[in-house]
Amino acid sequence: KAGIQNIDFAQNRNMGLFVANNLCVLSFNGREWDRYNLNNGKKNRSLAFDTNSNRLYVGAQGAFGYFGAHWEYVPLSESVPESDRNFDEVWDVFLVGQNVYFCTFQGIYVYDGQSIERINHEDGLERCFMINGKVFAQTQKGVLFEINGLELSPVFGLRPLPGVLAGMVARNQGHLLFYNAGQIEYRTPIETAPSSPALSRALQGTYVNHVLELSDRRLAISTQTSGLFLFTPQTNSMEQITVNAGLATNACLRSFQDYRGNLWVGMQNGIALIHINSPMRLIGKAINLQGSGYEGFETTEGTYFTTSS
């Protein structure tokens, strides 16, 4: 059996889906689920699939490595010098060119296919993000850096950001920055301005875990206490999906859009598949509609529904 917590996702060229589960790595071929263990008792946190090498890279609790084409596991972290193994969780894995970045709060481990180098910062690190092929890292004192080779270059100078980042989205000449506490701002090296005030108000107190830009430019925002928000920047409209709409829990950790355009959500307890392009939407509690819905008919006066009640 698998565990209850699911965080990250990846997909291969054959449309196979992989899930970082706290007890194993799950695979789904569209019909059946299977599970694979690292055989080290570590909780899995992050995934990235390399289509060139056919490897599934895995970041775990105090370990990282990859599964080969036949599910043989290679523990890369065991080749790191003992003095550099002082890390806990590998929260993110990114593929950039020939390099694989394993991101931890203690340092970033860069694997080039042959050897592993470590990028450090004296202040320690928070989450890392990949935007348009570039990797960014925020220090625990709030300064945002871009990774250039094995160096950290400040993005907005050395002034700390006002909170812990949960997500970044490229916009025009700068970035939209989303903070755990719900604030949203647009930043360039010379400009800072609040952004999307209605969405920011809705996110206050929800604890934002993750932000994903979808293929149609909508944003999927995973929160710890209030489910998933789908936000359309072009119209400033939003939709909130919670347990009332079918989620098993409101604790959404991370989302992933597959090649078919569907949205997968890793949760504290379970996995959700959301057909975000479906014209169907759940109604009922918001308008006090009782019973099972049978039929709907729209007129100029409004919409009529027939139900089992």
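Note that the structure is predicted; figures quoted are calculated from it, not measured. Residue indices begin at 1 and follow the sequence shown.
- Taken to the nearest 0.5 Å, the CZ atom of R201 stands 9.5 Å off from the CD atom of Q204.
- Between the CD atom in Q257 and the CD atom in E213 there is a gap of 10.0 Å [rounded to 0.5 Å].
- In this structure, N132 and A170 approach most closely via the heavy-atom pair ND2-CB, 3.6 Å.
- With 3.5 Å as the limit, one finds no donor-acceptor pair spanning the side chains of T104 and E89.
- A side-chain donor-acceptor contact under 3.5 Å links T225 to the backbone of T206.
- Distance check, rounded to the nearest 0.5 Å: OG of S200 to OH of Y179 gives 11.0 Å.
- A salt bridge links R254 to D8: one of the charged nitrogens lies within less than 4.0 Å of a carboxylate oxygen.
- When each of N22, N21, N269 is tested with N6 by the rule side chain to side chain donor-acceptor pair (under 3.5 Å), just one qualifies, namely N21.
- Between the N148 side chain and the E151 main chain, no donor and acceptor come within less than 3.5 Å of each other.
- Cluster membership check: V208 shares its hydrophobic cluster with V169, using side-chain heavy-atom separations under 4.5 Å among Ile, Leu, Val, Met, Phe, Trp and Tyr.
- Side-chain contact annotation: S226 with N250, donor-acceptor N/O pair under 3.5 Å absent.
- Defined by atom type and a distance below 3.5 Å, a donor-acceptor pair is present between the side-chain atoms of N209 and Q224.
- Under the side-chain contact (heavy atoms from CB on, under 4.5 Å) test applied with M168, the options V155, L176, V211, L177 reduce to a single match, L177.
- Of the N and O atoms on the side chains of R260 and Q11, not one donor lies less than 3.5 Å from an acceptor on the other residue.
- Contact detail for L228 and S222: the closest heavy-atom pair is CD1-OG, 3.6 Å.
- Of all heavy-atom pairs between A10 and F49, the closest is CB-N, 4.0 Å.
- For the 3.5 Å distance criterion, the side chains of Y111 and Q114 fail to qualify, holding no donor opposite an acceptor.
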